[in-house]
Amino acid sequence: MAIVATTTKFSVYGRPVLAWIVGLLFFFPIFWLVLTSFKTDADAVKPEFLLFFTPTLDNYLNMTENYDYWRFATNSIITSVFATIFALAVGIPSAYAMAFNPSRATKDVLMWMLSTKMLPAAAVLYPMTFITKSIGLFDTHFMVIVVLMLINLPIVIWMLFTYFKEIPKDIIEAGQMDGVNTWGEVKEILIPLAWGGIASTALLCFIFCWNEAYWTVRLTTTEAATLSKLIEGNRAPEGLFFGRLSAVSAAAVGPIVVLGWFCQKQLVQGLTFGAVK
Amino acid sequence: MSNRTLPRLLQTPAVIMLLIWMLIPLSLTLYFSFIRYVLNNLRRPEWTTPSFSNWRGFGNYEFVLNSKDFLFAIQNSLLIVGSILFLTVILGVLIAVMINKAFPGQGIVRVLLISPFFVMPAVNAVLWVNMILDPVLGLQGLAVAGINDLIGSLQSAPGVGWFFSLWPEVKPISFRATQTSAYAVIIMVTWQWTPFAVLIFMTSLQSEDQQQKEAAVLDGAGTFSQFRFLTLPHLGRPIAIVVMIQAIFHLSLYAEIEIVSRGNGNKNLPYLIGEFANNNIGAASATGIFAVILANIVAIFLLRMIGKTLME
């Protein structure tokens, strides 16, 4: 009996306290980043654990004045939104075909798609830059959108496939009996039923697009440069200006972290990858 | 059967796009890997344009295999990916089980926990390496100084001072050396991807059979054996999925390596390719082909692991 009593005590008091400690520990680096972004550069490198100081907005003002933050942010939003939309537009029909009309090759096609994500980007950087420059698409929104879409398409299709497979086949077949055509099946039956899954997929795709930092940095210079490029340009020569660096970083990750907070219910319920039976 | 043709055709746009996305760069890489192709060479300007007349056969492959960095880069890639997978799965399971039951502030703790997953890799690296792990300017330096101060004041304490004077002074670790910067990469990526594991395990735990658990409690099963014999088997499939997705992402890890280990010798395979590509495209392409082979070996392992359950 004694053992049972102690376990209950632990789960009543110990577990919540431990959970809070772990949660705060995981969040601490982000908190520190935001805090540092309000310090002057001199305060930021002081060798003390500086929690209370005179906050300044200089770093943010400097960033919007000298670095054209809004252009980078707008580019990030445009490219991520359109890449996500296109990935869904191509991915939904594809996942529908695989889930409801599978052939013997479906599993292999799916695994092959995922394997394209394992190709080392660094190996094809040179040919890719060469091609995009020679067809005049270097540093254009279009190119960034296409590349972001292609990078995320395998994960998008796979996630959608796992959601669609949970939908009973009978429902789709009943639609076919009623003479609904394929487009109608997708629009009237599939999308409403799998709405939660589609939303989670879109959210994850958007996060990955926003955070992509290999191609977006290397296929752009100014016109289509995203926030990744802003970070890339700021991290090297001004390494010791922690205040400025933190402000740029916080402004780059801020929008996506806040979006993640608002959508966390969707992520908690939706991010199954077919793991829940 | 003909009414199945159209639905099946719907997957062709995706297949064709990915095929092009894979084949064009891959065939160019293959071509470059067999010729002499450099960006700058004053004595042999003909090597700076790709052409079949610069055919080198397997010369680039030999060059890469003989370079001292190649084996190290492969080892290091596997060390980094393997350690991250190990740590994120263990931490992910423990945290997911810990926050699964309701407690005051559960929602807030969940938000705090998953936040790192949204952070850009480049920001992640800049933040950790400069502001947290740096031995002088980062919090690590402060923590070490604090511990030393504490030990120092204990040494002058009456009675027990002699005991603490036996303690050595704690020294801060520099995460900029070759080996330690690999650890820095492991730490920061684990911080970022543990939330992903937690998210997936949490979702899976919500579907755990509660009646089975109650029955186990009635039979006198303790917390540990419930975890060992009910929860862990239930998490088998999500663990496989977390391992697979992370392996796909971390094999091509680049930004973190680049920022943490600027020229200090710590490299993984993608970073080595990037180094070669500064001038020697031929060698970079040959390394790229090796990386493709490595990725395929890993992919076959993963396929064995979860391929079967995927289609059930």
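Quantities reported herein were computed from a predicted structural model and do not represent experimental measurements. Residue numbering restarts at 1 for every chain, and letters A, B, ... go by the order of the sequence lines.
Under the 6.0 Å cut-off for aromatic ring centres, B:Phe32 and A:Phe130 do not qualify, their centroids lying 6.0 Å or more apart.
The CD1 atom of A:Ile231 sits 6.0 Å away from the CE atom of B:Met120 when rounded to the nearest 0.5 Å. In this structure, CG in B:Leu10 is found 11.0 Å from CE in A:Met98, a value given to the nearest 0.5 Å. From B:Ser285, atom OG reaches atom CG of A:Leu125 across 10.5 Å, with rounding to the nearest 0.5 Å.
Residues A:Ser249 and B:Leu127 fail the side-chain proximity criterion, which asks for heavy atoms closer than 4.5 Å. A 4.5 Å side-chain heavy-atom check between A:Leu33 and B:Val123 finds at least one atom pair inside the cut-off. A:Trp158 is listed as a side-chain neighbour of B:Ile245, based on a closest heavy-atom distance under 4.5 Å.
Contacts of B:Leu235 with chain A are absent, with no heavy-atom separation under 4.5 Å from either backbone or side chain. For chain B, the nearby parts of A:Trp210 are the backbone and the side chain; heavy atoms of each come within less than 4.5 Å. Contact of B:Met98 with chain A is made through backbone and side chain together, with heavy-atom distances under 4.5 Å. Contact of A:Val257 with chain B is made through backbone and side chain together, with heavy-atom distances under 4.5 Å. Looking at A:Leu259, neither its backbone nor its side chain comes within 4.5 Å of chain B, counting heavy atoms on both sides. Contact of A:Ile155 with chain B is made through the side chain alone, with heavy-atom distances under 4.5 Å. Heavy atoms of B:Val126 lying under 4.5 Å from chain A belong exclusively to its side chain. Contact annotation for A:Leu18: both backbone and side-chain heavy atoms come within less than 4.5 Å of a heavy atom of chain B. Contacts of A:Phe31 with chain B are absent, with no heavy-atom separation under 4.5 Å from either backbone or side chain. Interface residue A:Leu204: only side-chain heavy atoms are found under 4.5 Å from chain B.
Listed by chain and residue number, A:Phe26, B:Ile114, B:Pro116, B:Phe117 satisfy the side chain to side chain contact (heavy atoms under 4.5 Å, CB included) test with B:Pro195 (two or more places apart in sequence, or in another chain).
Residue with the most contacts toward chain B among A:Ile207, A:Thr116, A:Leu153, A:Ile30: A:Ile30 (heavy-atom pairs, distance under 4.5 Å). With respect to chain A, the highest number of heavy-atom pairs below 4.5 Å among B:Ile132, B:Val242, B:Leu272, B:Ile259 belongs to B:Ile259. Highest contact tally toward chain A, considering only B:Leu269, B:Leu139, B:Thr287, is held by B:Leu139 [criterion: heavy-atom pairs under 4.5 Å]. Comparing B:Tyr31, B:Phe276, B:Tyr37 by heavy-atom pairs within less than 4.5 Å of chain A, the highest count is held by B:Tyr37. Taking chain B as the reference chain and counting heavy-atom pairs below 4.5 Å, the highest number among A:Asp108, A:Val253, A:Leu150 is found for A:Leu150.
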For residues 11-27 of chain B, dump all side-chain donor-acceptor pairs below 3.5 Å to protein atoms at least two apart in sequence or in another chain.
{"from": "B:Thr12", "atom 1": "OG1", "to": "B:Leu9", "atom 2": "O", "distance (Å)": "2.4"}
{"from": "B:Ser27", "atom 1": "OG", "to": "B:Leu23", "atom 2": "O", "distance (Å)": "2.7"}
{"from": "B:Ser27", "atom 1": "OG", "to": "B:Ile24", "atom 2": "O", "distance (Å)": "3.1"}

Does the pair A:Val22 and B:Ile99 meet the rule for a side chain to side chain contact (heavy atoms under 4.5 Å, CB included), with working shown? CA-CA 10 Å; A:Val22 173; B:Ile99 64 170; over 6 Å; no
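Looking only at distances, a side-chain donor or acceptor of A:Asn211 sits under 3.5 Å from a matching main-chain atom of B:Phe118.
For the residue pair A:Trp32 and B:Met131, the shortest heavy atom distance occurs at NE1-O, 4.0 Å.
Within the structure, every pair that satisfies the ring-ring contact (aromatic ring centres under 6.0 Å, His included) test and touches residues 122-145 of chain B, not counting sequence neighbours, is listed here: B:Trp128-B:Trp191.
Close approach to chain A, defined as a heavy atom under 4.5 Å from one of its heavy atoms, is seen in B:Lys101, B:Phe103, B:Pro104, B:Gly105, B:Gly107, B:Ile108, B:Val109, B:Arg110, B:Val111, B:Leu112, B:Leu113 of residues 100-113 of chain B, taken by number.
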